[in-house]
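Every number for a ligand or one of its atoms is a count from 1 in the order of the listing. None of the values given here were measured: they were computed from a predicted structure.
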Amino acid sequence: MSSELNLILLGPPGAGKGTQAERLTDDFNLPYIATGNILRAAVRDESGLGKQAKAYMEKGELVPDAVITGVILESLNSDDARDGFLLDGFPRTLPQADALGEGLEAAERRLTAVILIDVPDKEVTRRLSGRRVSVKTGRVYHIELDPPKHEGRCDIDSSRLVQRADDRAETIAKRLAVYHAETEPLVEYYDERGLLRRFDGTRTPTEVHDHIRATIATLRLEDEL
Ligand code: AP5
Ligand code: MG
C-alpha cells in the first residue's frame with residue numbers, strides 16, 4: 001500500500017473545515033474536494049446538479065445521497081486525487097460513509113484519518129453569522145474573528161466578499177439540527193474503525209492548524225516506516 005494521504009474533514013457547520021483545508025492543502029499538496037463548494041458552483045452555473053441541489057441547500061437540508069455520492073466517487077478516481085485527497089463535507093450520512101468505504105476498497109485504497117474539528121453550537125452561530133467569502137478565490141473571512149485587510153475585499157486579489165445564502169439565522173439553526181441528526185453518527189462510525197482524530201476547534205485558526213498538521217505529519221511518518 002502506498003503512503004498516500006487520504007483525509008476527511010468532519011465537523012459541524014462553521015467548525016473551520018474550509019479555513020483549515022486551505023492551510024492543509026498547502027502543507028501537504030493535496031487536492032481539496034469540498035462538496036459544499038462543488039454544489040455552490042453547480043447552483044451558480046445552473047447545471048443539472050445545481051438544479052437538483054439548490055432548494056435543499058437554501059433550506060439548510062442535505063441534498064439526497066444519490067445526488068452527491070456519484071460525483072464524489074468520480075472525483076476520487078480522477079488523476080488529480082490518485083496520490084491522496086482532502087475531503088470536506090463528504091461523507092455526511094452513514095449511507096455516504098458506506099458508499100465511500102466501498103468505493104475506496106474497490107480501488108484498493110484506504111482512509112488515512114478522519115479529522116474531527118469540534119465546536120459547540122453557540123460558537124457555530126457566532127462564526128457563521130459573521131462569515132464572509134470571496135466570490136472569486138473562495139477564501140473565508142470573519143468580520144470580527146478573521147477580518148480581511150480591507151473591508152469587503154479579499155486579501156488575495158481584492159475580489160468582493162459576500163455572505164453565503166445559507167448563513168441566515170434560521171438556516172444556521174436548521175443546519176445544526178441536520179448535523180446532529182445525520183452527520184454526528186459518523187464520529188462513532190469512524191472511531192470504531194480506529195480512524196478518528198479529534199481537535200478542539202475553539203482554539204485560534206493557527207493553533208488548530210498546528211495541531212492538525214503535527215498529527216498528519218506523524219501519521220505519514222508511521223505509514224512510511
Ligand atoms: P458546506 O459548504 O459543506 O457547509 P457546512 O458543513 O455547513 O460547513 P461550512 O462551510 O458552513 O463551515 P466550515 O466548517 O467550512 O467553516 P469555515 O472554515 O467556513 O455545505 C453546504 C450545504 O451543501 C449543506 O448544508 C448541504 O445542503 C449541501 N451539502 C454539502 N455536502 C453534502 C453532502 N455530502 N451530502 C448532502 N448535502 C451536502 O469557518 C466558518 C467561520 O468561522 C468563518 O467566518 C471563519 O473565518 C471562522 N473561523 C474558522 N475557524 C475559526 C477559529 N478557529 N476561530 C475563530 N473563527 C474561526
Ligand atoms: Mg466550508
Side-chain angles (χ1 to χ4, degrees), residues 8-25 32-44 49-50 52-73 75 86-97 99-100 115-134 138-148 154-155 161-168 171-184 186 199-212:
I8 292 176
L9 282 172
L10 186 63
K17 301 181 296 293
T19 301
Q20 294 304 324
E22 194 188 295
R23 294 162 161 85
L24 295 169
T25 48
Y32 175 44
I33 303 168
T35 45
N37 295 355
I38 292 169
L39 290 170
R40 276 184 293 279
V43 169
R44 200 177 47 228
L49 175 65
Q52 291 182 75
K54 188 170 193 270
Y56 296 102
M57 294 178 76
E58 280 174 355
K59 282 187 274 184
E61 290 169 7
L62 297 181
V63 309
D65 291 336
V67 170
I68 189 74
T69 301
V71 176
I72 297 309
L73 292 184
S75 50
L86 181 64
L87 265 177
D88 167 359
F90 187 93
R92 234 177 169 98
T93 63
L94 290 169
Q96 289 181 17
L100 174 65
I115 296 160
L116 172 67
I117 308 181
D118 235 343
V119 172
D121 288 8
K122 212 173 138 210
E123 175 68 7
V124 163
T125 308
R126 181 168 89 117
R127 288 185 184 181
L128 294 184
S129 35
R131 172 165 60 186
R132 298 292 183 275
V133 188
S134 157
R139 166 82 159 83
V140 178
Y141 298 88
H142 190 284
I143 49 174
E144 288 160 22
L145 307 169
D146 186 14
C154 180
D155 291 353
L161 302 184
V162 297
Q163 188 162 27
R164 254 169 59 175
D166 58 352
D167 278 350
R168 282 165 298 137
T171 324
I172 293 172
K174 175 70 185 173
R175 285 160 63 201
L176 270 169
V178 168
Y179 174 77
H180 291 303
E182 304 279 339
T183 309
E184 211 166 25
L186 296 181
F199 298 89
D200 177 2
T202 64
R203 315 290 287 267
T204 67
T206 304
E207 285 171 324
V208 178
H209 173 223
D210 286 344
H211 291 157
I212 298 177

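- Polar contact with ligand 1: absent for V208 (N/O pair, distance under 3.5 Å).
- Atoms of ligand 1 found under 4.0 Å from any heavy atom of R203, numbered from 1 in the order shown, are 52 (C), 53 (N), 54 (N).
- Residue contacts with ligand 1: G14 is placed with a nitrogen or oxygen under 3.5 Å of a nitrogen or oxygen of the ligand (distance criterion only).
- The closest approach between R164 and ligand 1 falls below 4.0 Å for a heavy atom of the residue.
- Under 4.0 Å is where a charged nitrogen must lie from a carboxylate oxygen, and between R23 and D210 no such pair does.
- Side chain of Q96 to backbone of R92: a donor-acceptor contact under 3.5 angstrom is found.
- Applying the 4.0 Å criterion to heavy atoms of G201 picks out, from ligand 1, the atoms 53 (N).
- Remark: ligand 1 and D88 share no N or O pair separated by less than 3.5 Å (distance only, no angle test).
- In the vicinity of E61, heavy-atom distances shorter than 4.0 Å reach the ligand 1 atoms 26 (C), 27 (O).
- Only side-chain heavy atoms of L145 come within less than 4.0 Å of ligand 1; its backbone N, CA, C and O stay farther off.
- Using a distance-only test at 3.5 Å, with no hydrogens or angles considered, a donor-acceptor pair links the side chain of S75 to the main chain of I72.
- Going from atom OG1 of T206 over to atom CD of Q20 covers 8.5 Å, rounded to the nearest 0.5 Å.
- For the side-chain contact (heavy atoms from CB on, under 4.5 Å) with R131, the qualifying choice from R164, Q163, R126 is R164, the only one to do so.
- Using a 4.0 Å cutoff on heavy atoms, K59 does not count as a contact of ligand 1.
- In terms of N/O distances under 3.5 Å, ligand 1 is not approached by G60.
- For ligand 1, the atoms closer than 4.0 angstrom to any heavy atom of I68 are 35 (N).
- At a heavy-atom cutoff of 4.0 Å, ligand 1 is contacted by the backbone of T204 but not by its side chain.
- Taking distance alone, with nitrogen or oxygen atoms compared against 3.5 Å, R132 stays at or beyond that limit from ligand 1.
- The shortest N or O to N or O distance between G89 and ligand 1 is below 3.5 Å.
- Considering backbone and side-chain N/O of Y141, one or more are found under 3.5 Å from N/O of ligand 1.
- Relative to the six-membered ring of Y179, R175 misses at least one condition, a distance below 6.0 Å or an angle of at most 45° to the axis.
- Not a single donor-acceptor pair under 3.5 Å links the side chain of K54 to the backbone N or O of L39.
- Looking only at side-chain heavy atoms (C-beta outward), N37 and Y32 come within less than 4.5 Å of each other.
- Proximity of L39 to ligand 1, defined as any heavy-atom pair under 4.0 Å, is confined to the side chain (atoms from C-beta onward).
- Within ligand 1, the atoms closer than 4.0 Å to a non-hydrogen atom of Q96 are 33 (C), 34 (N), 35 (N), 36 (C), numbered from 1 in the order shown.
- The residue from R127, R139, R132 that alone fulfils the salt bridge (Lys or Arg N to Asp or Glu O under 4.0 Å) condition with D146 is R139.
- Considering backbone and side-chain N/O atoms, D167 never comes within less than 3.5 Å of an N/O atom of ligand 1.
- Contact annotation: G11 has no heavy atom less than 4.0 Å from any atom of ligand 1.
- Checking K17, E22, R92 against atom 20 (O) of ligand 1, the nearest heavy atom belongs to R92.
- K17 places a side-chain N or O within donor-acceptor distance of the main-chain N or O of G11, the cut-off being under 3.5 Å.
- Counting the atoms of ligand 1 from 1 in the order shown, those under 4.0 Å from a heavy atom of R40 are 2 (O), 21 (C).
- For atom 48 (N) of ligand 1, the nearest non-hydrogen atom from the set R127, H209, K174 belongs to R127.
- Below 3.5 Å of separation, one finds an N or O of G18 facing an N or O of ligand 1.
- The two residues D155 and Y141 come nearest to each other via the heavy atoms N-OH, 2.8 Å.
- The atoms of ligand 1 that sit less than 4.0 Å from any heavy atom of P205 are 51 (C), 52 (C), 53 (N), 54 (N).
- The residue among T19, V133, L176, L87 with a heavy atom at the shortest distance from atom 45 (C) of ligand 1 is T19.
- Every atom of ligand 1 is numbered from 1 in the order shown, and the set under 4.0 Å from a heavy atom of R175 is 4 (O), 5 (P), 7 (O), 9 (P), 11 (O).
- The nearest protein atom to atom 9 (P) of ligand 1, hydrogens excluded, is given as R131 NH1, 3.3 Å; this is a heavy-atom distance.
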